[in-house]
Amino acid sequence: MTLPTTATTDLATTLNKQVIDRRRFLQHAILGSAVASSATLSLPIWAEEPEKQITNDPDTFPKNLPEAMRTAGAEFTNYGQPSPHEQHVIRWVSANSAALGTGVSWTPLHELQGTITPNGLHYERHHNGVPKIDPANHILLIDGLVKQPLKFSVKHLLRYPMISRTCFIECGGNSNSGWRNNPIQTKAGYAHGLISNCEWTGIPLKLLLQEAGVKSAAKWVIAEGADGSALNMSIPVEKLMDDAILALYQNGERIRPENGYPMRLVLPGWEGITNIKWLRQLKLTDAPTMSRDETSQYTELMPDGKARQFTFEMDAKSLITSPSLGMTLPDNPGVYQITGLAWSGRGKITKVEVSADGGKTWIDATLQGPILDKAFTRFSLPWHWKGDYAILQSRATDETGYVQPTRAALVESRGKHGFFHYNAIVSWEITEEGDINHVYE
Ligand SMILES: Nc1nc2c(c(=O)[nH]1)N[C@H]1C(S)=C(S)[C@@H](COP(=O)(O)O)O[C@H]1N2
Ligand SMILES: [Mo]
């Protein structure tokens with residue numbers, strides 16, 4: 001494709017010597033010249049879509065009022081739905097064929113912008129399907145090593161003061177295809193989207209535990225869900241007294257059935273499985289219970305032959321969502337907006353670097369604020385693609401100083417039997433034709 005305007009050509013010439021040059025690009029943007037307009041930034045397009053003609057021809061703007069402006073619009077609806085033109089933006093379901101409610105569904109991170117995951121697209125991980133729960137009959141019991149066992153109905157809980165906090169929940173098994181010998185050719189969200197980021201609203205768990213009176217011998221809590229897997233996990237009391245939330249609302253509305261209606265545990269930054277959905281019991285204990293899902297599962301065989309257990313915090317990670325696999329770069333050469341997400345279970349993201357040469361050189365991306373603790377942070381960086389072979393990567397650093405590892409470093413430290421907690425740098429190969437593949441670098 002040819003570069004359509006003189007302005008774009010000027011910019012391309014200016015940036016010609018560098019693969020990525022944010023400083024110069026921003027200079028143009030600040031100067032406010034015609035070059036700075038967003039029209040000079042191309043976006044990748046989906047490979048399977050017919051190429052759309054983007055042109056400056058004024059005749060493409062309809063001279064007569066379009067039909068929609070000459071008639072009354074559609075009626076009101078009681079609950080809004082996405083545009084019918086967005087029907088391809090869906091979770092991708094990967095379920096057990098013999099037990100259809102068991103498995104996962106992936107958030108299409110590659111189709112989304114900003115940082116908040118819409119409720120209908122929050123990823124799902126069920127161990128035995130979504131239970132049908134009538135909130136009028138649901139009870140949460142707090143018992144075990146407490147001075148006063150307490151029962152709470154939903155109605156009762158809704159009278160408590162609530163707090164809101166935005167954070168991600170990520171499955172420990174997210175991105176685990178990265179442990180395979182060959183890179184899978186799957187869209188970004190369908191390989192890395194067992195993570196979503198919501199505003200959760202509910203009651204600080206500390207408040208309820210204080211009401212029950214935690215005995216000094218109580219060090220752990222076994223939390224259990226009211227689903228057909230009776231999923232239960234041991235959680236240290238300190239986390240529950242720190243920032244845990246008994247959430248009733250998700251992005252402003254009551255939690256969706258698949259995400260834990262009528263209530264779930266939200267443990268910011270901690271492995272998905274500890275965020276027990278459909279929560280029915282918190283039993284305080286002096287030691288971890290060693291339940292099924294914290295012994296036979298969600299543990300990891302390390303190179304020394306021992307298994308590690310209770311790996312609660314999610315390590316810092318990042319992912320370029322655009323350009324990414326399945327998209328194509330139509331303008332060659334062209335200036336593209338690279339964008340993606342970064343997060344850490346240990347605090348805030350402090351830096352995201354982007355490379356176009358497979359990690360030889362790096363440039364800091366712009367972080368979009370507000371940068372929240374244990375939440376998605378969006379990054380972006382304009383990139384001048386000259387039409388040669390490139391490998392795009394992003395690398396996150398969090399406030400503890402932890403830097404996202406390369407795949408080689410991760411495999412080196414964790415061995416060949418990894419299944420959970422895969423957080424290595426993701427590499428997108430850009431071919432000279434502008435196609436995108438997943439590669440290991
Ligand atoms: N009761 C119950 N809680 C559960 C699960 C479950 O199957 N049952 N799955 C866990 C796992 S492994 C993950 S990753 C998260 C998924 O939460 P989501 O489905 O809302 O995304 O919930 C956790 N809590
Ligand atoms: Mo999970």
Side-chain angles (χ1 to χ4, degrees), residues 91-96 99-109 116-133 138 140-141 167-177 189-190 192-200 202 221-235 239 244-251 253-283 291-300 310-314 317 343 345 376 419-423:
R91 294 191 282 226
W92 181 54
V93 177
S94 175
N96 182 325
L100 290 175
T102 302
V104 295
S105 73
W106 306 75
T107 295
L109 297 174
I116 296 293
T117 312
N119 289 342
L121 296 175
H122 196 287
Y123 86 95
E124 301 163 274
R125 169 73 179 108
H126 316 311
H127 287 73
N128 198 1
V130 180
K132 285 198 184 73
I133 297 180
H138 185 83
L140 169 66
L141 171 66
C167 62
F168 70 83
I169 296 179
E170 181 178 21
C171 179
N174 193 23
S175 313
N176 67 8
S177 59
Y190 298 156
H192 305 281
L194 294 184
I195 182 166
S196 299
N197 192 67
C198 285
E199 184 199 65
W200 297 100
V221 174
I222 177 98
E224 185 170 89
D227 54 333
S229 72
L231 191 92
N232 54 17
M233 288 295 286
S234 301
I235 298 158
K239 179 66 175 176
I245 302 172
L246 177 64
L248 295 134
Y249 292 81
Q250 175 184 8
N251 290 330
E253 64 181 359
R254 293 290 292 277
I255 292 179
R256 292 284 169 96
E258 55 268 39
N259 303 116
Y261 185 85
M263 63 184 77
R264 85 176 297 166
L265 261 185
V266 172
L267 305 187
W270 279 29
E271 193 175 31
I273 186 130
T274 62
N275 294 252
I276 299 291
K277 302 189 278 189
W278 316 295
L279 187 69
R280 70 186 287 269
Q281 190 178 9
L282 292 172
K283 188 183 186 108
S291 72
R292 179 194 58 208
D293 285 292
E294 60 201 22
T295 49
S296 72
Q297 285 282 306
Y298 298 91
T299 59
E300 260 183 305
F310 302 126
T311 41
F312 294 130
E313 282 170 328
M314 298 307 289
K317 191 161 160 182
W343 62 93
F376 274 175
F419 185 78
F420 297 102
H421 293 269
Y422 184 94
N423 71 319

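Everything numeric here is computed off the predicted structure, so don't read it as measured data. Every number for a ligand or one of its atoms is a count from 1 in the order of the listing. Computed over heavy atoms, backbone and side chain alike; hydrogens, waters and symmetry mates excluded. One-based numbering along the sequence shown.
W270 has its ring centre less than 6.0 Å from the ring centre of F312.
Under the salt bridge (charged side-chain N to carboxylate O under 4.0 Å, His left out) criterion, K239 pairs with D243, sequence neighbours left out. The ring-ring contact (aromatic ring centres under 6.0 Å, His included) check on Y261 picks up nothing, with sequence neighbours excluded. By the salt bridge (charged side-chain N to carboxylate O under 4.0 Å, His left out) test, E271 pairs with no residue at all, sequence neighbours left out.
Within the 3.5 Å criterion, the main-chain N or O of N174 finds no donor-acceptor partner in the side chain of Y123.
Using a 4.0 Å heavy-atom criterion, the residues that approach ligand 1 are H122, Y123, E124, R125, H126, H127, C171, G225, D227, L231, E258, N259, R264, G272, I273, N275, I276, K277, W278, Y298.
S196 and T107 share a side-chain donor-acceptor pair at under 3.5 Å.
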